[in-house]
A.B. asks: 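Please read through the structure below; I'll follow up with questions.
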Amino acid sequence: MMRTRPLKVALLGCGVVGSEVARIMTTHADDLAARIGAPVELAGVAVRRPDKVREGIDPALVTTDATALVKRGDLDIVVEVIGGIEPARTLITTAFEHGASVVSANKALLAQDGAALHAAAEEHGKDLYYEAAVAGAIPLIRPLRESLAGDKVNRVLGIVNGTTNFILDKMDSTGAGYQEALDEATALGYAEADPTADVEGFDAAAKAAILAGIAFHTRVRLDDVHREGMTEVTAADFASAKEMGCTIKLLAICERAEDGASVTARVHPAMIPLSHPLASVRGAYNAVFVESDASGQLMFYGPGAGGSPTASAVLGDLVAVGRNRLGGTTGPGESAYAALPVSPMGEVVTRYHISLDVADKPGVLAQVATVFAEHGVSIDTVRQSGKDGEASLVVVTHRASDAALGGTVEALRKLDTVRGVASIMRVEGE
Ligand code: HSE
């Protein structure tokens with residue numbers, strides 16, 4: 001049955017995502033009302049630049065005073081698409097205090113302060129939904145939080161940053177170097193003028209923290225996520241990957257330890273076999289592979305960024321929160337009961353591809369192999385090529401801990417016959 005009093009929605013931010021949210025709220029108003037059970041009314045829009053013309057938005061709704069907007073007291077839902085830590089954090093908690101539920105797309109804030117925001121929502125009996133914070137339109141938060149709530153997730157492995165996937169895909173398909181591929185990503189509008197958050201892995205690390213927390217029912221903060229960017233990946237790395245039947249992706253990997261007693265979360269470039277479904281994720285697309293006890297392997301794929309896809313996720317949350325509101329209930333809050341320790345990177349176990357420049361003379365291979373053996377790292381394959389007394393040695397290991405591999409590489413660097421360690425890349429997805 002349709003309720004006539006509309007649900008009042010305030011929009012904090014009206015950029016690429018916010019303007020799409022407002023547009024869809026207007027153009028799909030009847031469908032949204034039918035799905036929720038009450039009409040939704042845009043009650044206010046907080047912006048930084050009030051003079052900008054915003055098509056389809058009544059200028060009377062526009063304000064620069066976001067604080068006054070969230071303090072109105074008659075709002076049902078506040079949609080936060082400003083991003084960043086402050087003022088978003090204060091505005092969200094103020095919204096709860098003044099009776100509104102919140103839909104947010106703010107990965108940085110959720111990764112840093114998710115626990116406190118969930119606590120504030122619970123204290124005030126309100127919803128905090130954030131499907132749009134991870135991988136744009138791709139449903140991930142709700143599947144992990146609700147659909148898989150009866151299963152045991154062991155691993156989440158994904159490409160959660162479109163900009164870096166575009167760059168790496170370009171390098172792979174054209175042989176371009178990092179800078180050339182980045183320049184193209186910038187020219188096409190994928191990479192921002194300052195690409196640091198994407199290429200250094202901060203964006204993906206925030207998403208990994210959110211996914212790991214929900215998947216393992218454990219608090220995982222941004223600081224718990226080991227992060228390496230992809231600026232050092234070279235055309236030579238791609239050539240090596242090809243020789244192994246692999247490509248290179250910037251992966252977010254959240255894993256439960258084999259004994260189930262701890263979890264890890266990390267973001268770094270890695271080789272992945274071409275036969276793995278993530279290897280065929282091209283351009284700026286995102287995809288996330290989830291492995292659970294009962295479900296087996298699931299893959300979620302789609303556009304991970306952009307105004308319209310991100311707005312789709314925001315609108316989905318708006319409908320869910322609207323329904324809860326009408327039903328006088330709230331959806332699932334934070335689930336961190338498992339409280340598993342988050343282990344440091346040294347305890348991660350995986351395979352490695354190491355390229356060494358070495359002297360090509362008797363005994364060098366034996367010396368190198370001894371260093372691996374002394375650190376308990378088992379070698380899977382060795383490939384050598386070279387001329388004029390110098391050689392390139394590519395060693396691929398069996399599974400070993402990151403700490404053991406780190407010790408191996410440190411010792412290798414001390415050998416006179418090892419001229420340099422050209423690259424170290426983890427091998428995932430096998
Ligand atoms: N900059 C991100 C990306 C989108 O390239 O995927 C927002 O998280």
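Just follow the structure's listing: the first ligand is 1, and inside any ligand the first atom is 1.
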A.B. asks: Check this for me: does any side-chain nitrogen of one of Asp76 and Arg5 sit under 4.0 Å from a carboxylate oxygen of the other?
C.D. replies: yes
A.B. asks: Looking only at protein heavy atoms, which one is nearest to atom 7 (C) of ligand 1, and what is the separation?
C.D. replies: Lys107 NZ, 3.3 Å
A.B. asks: Which is closest to atom 3 (C) of ligand 1 in terms of heavy atoms, Asn165, Asn161, Asn286?
C.D. replies: Asn161
A.B. asks: Within less than 4.0 angstrom of ligand 1, does Glu192 place any heavy atom?
C.D. replies: no
A.B. asks: Relative to each other, are the rings of His276 and Phe289 parallel, tilted or perpendicular (30° and 60° limits)?
C.D. replies: tilted
A.B. asks: Is Lys249 paired with Asp169 through a side-chain N to carboxylate O contact shorter than 4.0 Å?
C.D. replies: no
A.B. asks: Taking the six-membered ring for Trp, is the centroid-to-centroid distance between Tyr130 and His118 below 6.0 Å?
C.D. replies: yes
A.B. asks: Asn324 and Tyr129: side-chain donor and acceptor closer than 3.5 Å?
C.D. replies: yes
A.B. asks: Only one of Thr397, Asp402, Thr350 forms a side-chain hydrogen bond (donor to acceptor under 3.5 Å, both in side chains) with Arg426, so which one is it?
C.D. replies: Asp402
A.B. asks: At a 4.0 Å threshold, what atoms of ligand 1 neighbour a non-hydrogen atom of Ala305?
C.D. replies: 4 (C)
A.B. asks: At under 4.0 Å between heavy atoms, which part of Thr164 makes contact with ligand 1: side chain, backbone, both or neither?
C.D. replies: neither
A.B. asks: Please list, in number order, the atoms of ligand 1 under 4.0 Å from a heavy atom of Gly162.
C.D. replies: 3 (C), 5 (O), 6 (O)
A.B. asks: Quick one: does ligand 1 sit under 4.0 Å from the side chain of Asp198, the backbone, both or neither, non-hydrogen atoms only?
C.D. replies: side chain
A.B. asks: What is the closest protein heavy atom to atom 5 (O) of ligand 1, and at what distance does it sit?
C.D. replies: Thr163 OG1, 2.5 Å
